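Since the structure comes first, as structure tokens, the remarks are kept for the end.
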Amino acid sequence: MYIVIMGAGRVGLNLASNLVSRGHDVTLIESDDSLCGNAAAELDALVICGNGTDTKTLEEANVSEADVFVAATGNDEANLLSCILVKQYNIPKIIARLSNPDHEEAFKKVGIDDVISPELTAAGYLEKLITRPKVADLIVIGKGDAEILDLTVKNTKVIGKKISEINPTDDYIIVAMYKNGEITIPKADMVLNEGDKVSILVKNRAVKDVVKTFTK
């Protein structure tokens, strides 16, 4: 894909680096000269020193050919304005970074549905790590109403049982098991052993119960 990113700060630069490493074509727009120089030195990508809220700069980035545009600066107003300008090019996907949650409605009103807040996401992730210490790892999916948890089987109530005896339910489903370090798609007749690692897709309302079911 061809992705245009506005903002070469921490979020934008890391995103660009990850995308480039995966073989995507990336152009990065940055108005700050020092950040622009830093990005140009670090990235194997086109870096344009200019203002992403300026139509000429966007056209220099060939934004009309982009598959995705990401407004990733720490300035909500600049991100909103750039997204409004970019909409005229009919880009398939426009994503905006949001620093202040109070501004989300403004983005939605102009038709920008993909709005993310790295700060809030990080805070939520840390909160979950603190309140759910038995969870080895977690991924929030959808609109935050479900998660994928990585758990180690320790509860005698499930040890020795077949997958079909406990899975799926209305609240969760075991989506993966790890045997001898290799991932396995669960089958009905597979047996859970103590120490097995499982990945479970679970609704938020049932997270505590699921953690207890498998690890207590």
Side-chain angles (χ1 to χ4, degrees), residues 1-126 137-148 199 201:
M1 292 191 297
Y2 175 47
I3 302 107
V4 176
I5 301 171
M6 182 182 81
R10 175 179 52 83
V11 174
L13 186 59
N14 286 335
L15 174 61
S17 179
N18 288 338
L19 290 170
V20 169
S21 69
R22 286 168 172 75
H24 296 291
D25 188 10
V26 175
T27 291
L28 191 60
I29 301 171
E30 174 54 55
S31 59
D32 183 277
D33 289 340
S34 61
L35 290 177
C36 194
N38 182 52
E42 289 193 23
L43 293 175
D44 182 16
L46 175 62
V47 178
I48 297 176
C49 295
N51 195 330
T53 61
D54 179 76
T55 301
K56 290 183 179 180
T57 302
L58 293 173
E59 291 181 350
E60 184 182 349
N62 202 21
V63 73
S64 62
E65 299 298 321
D67 298 293
V68 183
F69 175 81
V70 183
T73 77
N75 185 310
D76 289 355
E77 289 77 13
N79 289 344
L80 178 61
L81 178 55
S82 67
C83 287
I84 292 173
L85 291 174
V86 164
K87 280 184 66 67
Q88 66 181 308
Y89 297 99
N90 296 316
I91 295 174
K93 195 172 189 65
I94 300 174
I95 302 172
R97 174 187 174 185
L98 184 69
S99 296
N100 186 342
D102 293 338
H103 295 161
E104 183 174 3
E105 188 62 27
F107 283 84
K108 295 296 179 67
K109 282 184 177 179
V110 299
I112 310 301
D113 294 319
D114 293 302
V115 181
I116 61 166
S117 175
E119 291 82 2
L120 291 178
T121 300
Y125 183 84
L126 290 172
D137 198 7
L138 59 88
I139 300 173
V140 179
I141 63 174
K143 295 184 178 180
D145 52 0
E147 300 171 11
I148 295 179
S199 292
L201 173 61

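Predicted, not measured: the structure shown is a model, and the values here were computed from it. The figures that follow rest on heavy atoms only: side chains count, while hydrogens, waters and symmetry mates do not.
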* Are the charged groups of Lys93 and Asp67 less than 4.0 angstrom apart, N to O? -> no
Nearest heavy-atom approach of Ile5 to Ile3 is CG1-CG2, 3.9 Å
Scanning both residues in full, the closest heavy-atom pair of Ser99 with Pro101 reads O-CD, 3.6 Å
>> Is any side-chain heavy atom of Tyr2 closer than 4.5 Å to one of Asn62?
In response: yes
A side-chain contact here means heavy atoms from C-beta on lying under 4.5 Å apart; do Lys87 and Ile94 qualify?
yes
Do the non-hydrogen side-chain atoms of Leu43 and Leu13 ever get within less than 4.5 Å of each other?
yes
Note: Ile148 and Ser199 closest approach over all heavy atoms is CG2-CB, 4.3 Å
Ignoring hydrogens and geometry, is there a side-chain-to-backbone donor-acceptor pair from Asp76 to Leu98 under 3.5 Å? no
Beyond-backbone contact of Phe69 with Ile95, side-chain heavy atoms, under 4.5 angstrom: no
Student check: side-chain heavy atoms of Thr57 and Ile29 closer than 4.5 Å: yes
Walk me through it: do Glu65 and Tyr89 pass the test side chain to side chain donor-acceptor pair (under 3.5 Å)?
CA-CA 8 Å; Glu65 299 298 321; Tyr89 297 99; over 6 Å; no
The reported gap from CG in Asp44 to OG in Ser17 (rounded to nearest 0.5 angstrom) is 10.5 Å
Partner of Val86 under side-chain contact (heavy atoms from CB on, under 4.5 Å), picked from Leu58, Thr53, Val4, is Leu58
Quiz item: Is the closest side-chain heavy-atom distance between Leu80 and Glu77 below 4.5 Å?
Solution: no
- Expected output: side-chain Glu30 to main-chain Ala8 donor-acceptor under 3.5 Å: yes
The reported gap from CD1 in Ile91 to OG in Ser64 (rounded to nearest 0.5 angstrom) is 8.0 Å
Requested in this report: Examine distances only and state if a side-chain atom of Asn79 and a backbone atom of Ala96 form a donor-acceptor pair shorter than 3.5 Å.
Outcome: no
TODO: Evaluate the side-chain proximity of Leu46 to Ile48: yes if any heavy-atom separation is below 4.5 Å, no if none is.
DONE: yes
*Verify the distance criterion only: is there a donor paired with an acceptor across the side chains of Asn75 and Thr73 at less than 3.5 Å?*
no
Between Leu28 and Ala39, the two heavy atoms sitting closest are CD2-CB, 3.7 Å
Between Ser82 and Gly52 the two heavy atoms that sit nearest each other are CB-O, 3.5 Å
| message | Using modelled atom types and a 3.5 Å cut-off, is there a donor and acceptor pairing between side-chain atoms of Gln88 and backbone atoms of Leu85? | response | yes
dist Glu60:CD -> Asp54:CG (nearest 0.5 Å) comes out at 9.5 Å
Report task. Please assess Met6 against Val70 for the test side chain to side chain contact (heavy atoms under 4.5 Å, CB included), listing each intermediate value before the final yes or no. Result -> CA-CA 6 Å; Met6 182 182 81; Val70 183; over 6 Å; no
Between His24 and Leu19, is there a donor-acceptor pair closer than 3.5 Å when you use the side chain of the first and the backbone of the second? no
Asn14 side chain to Arg10 main-chain N or O, any donor-acceptor pair under 3.5 Å? yes
Report task. State plainly whether the residues Lys108 and Glu104 are in salt-bridge range, i.e. N to O under 4.0 Å. Result -> yes
